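In what follows, a single structure is set out as structure tokens and then discussed.
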Number of protein chains: 2
Amino acid sequence: MNEAVVLTPERILEATEDVLRRYGLTKATVVDVARALDVSHGSVYRHFPSKASLRDAVAKRWLDRANEPLCKLAAADGPAPERLEKWLRTAFTIKQKKVCDDPEMFATYLALAQDAREVVEAYKDKQVDLIAKILSDGIAQGEFEIDNVKATARAVFDATVRYHHPAHAEEWAKPECPSRIDALIALLLRGVRVCKH
Amino acid sequence: MNEAVVLTPERILEATEDVLRRYGLTKATVVDVARALDVSHGSVYRHFPSKASLRDAVAKRWLDRANEPLCKLAAADGPAPERLEKWLRTAFTIKQKKVCDDPEMFATYLALAQDAREVVEAYKDKQVDLIAKILSDGIAQGEFEIDNVKATARAVFDATVRYHHPAHAEEWAKPECPSRIDALIALLLRGVRVCKH
DNA sequence: TCGCTGACAGATATTGAAATCTGTCAGCGA
DNA sequence: TCGCTGACAGATTTCAATATCTGTCAGCGA
């Protein structure tokens with residue numbers, strides 16, 4: 001080719017995100033991606049076996065990027081109750097920001113996630129592991145009292161579905177939302193804390 | 001008319017449910033409902049100002065019927081913790097049963113609820129009131145310790161969204177679901193209970 | 001040899017004309 | 001008078017012809 005630039009999966013993913021941003025999920029085609037890279041669409045299939053796998057790879061990148069700050073929070077030091085609260089609030093904020101900043105892009109992400117089931121499942125499991133990490137820390141610190149850490153982490157994740165699952169995104173902008181989040185977090189924290197009399 | 005039967009809103013709703021059951025939401029038309037009742041479709045508009053209002057009325061009936069056992073549970077006597085657990089499990093079971101028994105009909109209900117926003121909102125508020133009732137009873141019994149009953153009832157409702165909101169219906173059949181429900185209920189109960197040492 | 005091309009078959013999406021539906025209303029018949 | 005009818009306008013949906021896309025592969029050129 002005229003350029004020294006080789007066609008890598010990375011470059012294809014980059015171009016795919018651009019195309020998605022430009023055309024939206026419903027309109028974006030493999031031909032568009034190929035055109036953006038100035039190659040034939042057959043070449044794209046040399047690196048990704050199907051459009052679905054390309055979609056999944058984009059979704060994975062996306063979710064991993066969004067997850068990064070949460071990983072850091074889970075790995076940090078400090079009192080577990082504060083960290084759990086911070087972690088949950090950050091998780092909510094990340095999602096909420098994505099909706100507000102670029103609703104159309106969020107819709108794309110939502111649809112993308114709809115069928116990238118495996119990728120999303122792995123992402124959720126990672127989230128639960130992060131919560132579990134904080135809960136364990138809390139037990140070690142004598143702040144939490146928990147029978148089954150893994151199950152409780154899952155329960156905390158489940159209990160907060162309303163504020164991180166895209167299906168409920170349209171509720172996030174409502175004015176009563178923040179106080180409802182406060183009440184939910186307070187309830188959950190009380191559920192894991194040791195009793196102080 | 002040939003029959004002594006008059007055309008009442010009730011009869012129209014009955015017929016509408018039949019038509020929905022037979023044709024599904026996308027195919028059911030006001031003309032179909034009128035045909036089922038052997039009247040012109042103009043007559044239906046004499047009782048319901050629009051197709052949307054008819055849809056809403058059907059949704060309301062539906063939700064009210066589903067809600068009945070929960071009202072009874074909230075009004076019952078007995079220890080509040082057990083009642084709250086029973087209430088939540090019943091709420092989940094009602095929904096789950098609807099999905100399993102007749103998935104197509106559930107899809108219809110889901111789509112119906114999608115745009116019957118006001119009706120659904122009222123229904124949710126009623127649910128929260130029922131939870132609040134049980135929480136209040138629990139405080140009176142010395143079993144619960146709660147700052148803000150209304151807010152906590154809302155938090156319990158929000159925390160269980162995953163198991164009563166139709167958006168998550170497809171997850172309800174998974175084998176790990178029951179144990180996750182157990183963990184969630186345990187967490188929430190611990191969050192409202194007084195500390196026993 | 002090895003990555004890319006471009007033509008191809010079958011699947012999917014688009015489009016616009018025709019059919020159907022929603023909502024209205026003047027008038028009929030009891 | 002009062003509820004129902006049936007024809008109507010405009011909105012929506014259907015359907016089939018057409019266009020585009022996905023995924024494959026034989027062959028080209030470096």
Side-chain angles (χ1 to χ4, degrees), chain A residues 1-59 104 107-108 110-112 114-117 119, chain B residues 1-59 104 107-108 111-112 114-119:
Chain A
M1 275 294 100
N2 47 351
E3 293 295 312
V5 203
V6 285
L7 190 60
T8 60
E10 191 57 29
R11 279 191 63 222
I12 294 175
L13 288 178
E14 209 78 58
T16 306
E17 280 197 23
D18 281 353
V19 169
L20 280 174
R21 211 172 299 279
R22 192 123 33 91
Y23 297 81
L25 183 63
T26 53
K27 291 288 176 186
T29 72
V30 176
V31 174
D32 290 330
V33 174
R35 194 161 27 230
L37 289 162
D38 202 30
V39 296
S40 83
H41 78 281
S43 303
V44 174
Y45 280 95
R46 193 150 286 282
H47 297 272
F48 292 92
S50 67
K51 189 182 183 182
S53 75
L54 183 56
R55 203 196 344 80
D56 286 3
V58 171
E104 196 192 329
T108 298
L110 173 51
L112 211 66
Q114 289 284 354
D115 12 35
R117 306 197 143 283
V119 172
Chain B
M1 274 293 101
N2 45 351
E3 294 294 312
V5 203
V6 286
L7 189 60
T8 60
E10 192 56 27
R11 279 191 63 221
I12 293 175
L13 287 178
E14 209 77 58
T16 305
E17 280 198 21
D18 281 352
V19 169
L20 281 173
R21 211 172 298 278
R22 191 124 31 93
Y23 297 80
L25 183 63
T26 54
K27 292 287 177 184
T29 71
V30 175
V31 174
D32 290 330
V33 174
R35 193 160 28 229
L37 289 162
D38 202 31
V39 296
S40 84
H41 77 283
S43 303
V44 174
Y45 281 95
R46 191 151 287 282
H47 297 272
F48 293 92
S50 67
K51 189 182 184 183
S53 75
L54 182 56
R55 202 194 348 79
D56 287 2
V58 171
E104 197 192 328
T108 297
L112 210 67
Q114 290 284 353
D115 11 37
R117 307 197 141 283
E118 267 188 50
V119 172

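Because only heavy atoms are used, hydrogens play no part in the values below, and waters and symmetry mates are left out as well, while side chains stay in. Residue numbers start from 1 in every chain, and the chains themselves are labelled A, B, ... in the order their sequence lines are given, proteins ahead of strands. The structure presented is a predicted model; accordingly, all values stated were derived computationally and were not measured.
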A/D38 CG - C/dC4 P separation (whole Å): 13 Å
Is the backbone N or O of B/T29 less than 3.5 Å from a side-chain atom of B/D32, with the two atoms forming a donor-acceptor pair by type? yes
Using only side-chain N and O atoms of B/S40, determine if any of them is under 4.0 Å from OP1 or OP2 of D/dT5. yes
Protein heavy-atom contacts under 4.0 Å, written 5' to 3' over nucleotides 7-30 of chain D as B (base), S (sugar-phosphate only) or - (none), form the string B------S------SBBB------
Every stem of 3 or more Watson-Crick or G-U pairs under 3.5 Å that DNA chain C joins, in order of first number, is C:1-30 with D:1-30
Nearest heavy atoms of B/F48 and B/S53, plus distance in Å: CB-OG, 3.5 Å
Tell me whether the side-chain N/O atoms of B/H47 come closer than 4.0 Å to OP1 or OP2 in D/dC4. yes
Expected output: side-chain B/H47 to main-chain B/I12 donor-acceptor under 3.5 Å: no
Could you tell me the separation between the CZ atom of A/F48 and the P atom of C/dC4, rounded to a whole number of Å? 13 Å
Determine the minimum heavy-atom distance between B/G24 and B/T108, stating which atoms define it. CA-OG1, 4.3 Å
Can you tell me how far CG of A/L20 sits from OG1 of A/T26, rounded to the nearest 0.5 angstrom? 10.0 Å
Working to the nearest 0.5 angstrom, can you tell me the gap between A/K51 NZ and A/H41 NE2? 11.5 Å
Distance check needed: C/dT20 P versus B/Y23 OH, whole Å only. 14 Å
Taking atom P of D/dG3 as reference, at what distance in whole Å does atom CG of B/L37 sit? 17 Å
Which pair of non-hydrogen atoms, one from B/S43 and one from B/L7, has the smallest distance, and what is that distance? CB-CD2, 3.8 Å
Euclidean distance, B/L13 CG relative to B/L54 CG, rounded to 0.5 Å: 6.5 Å
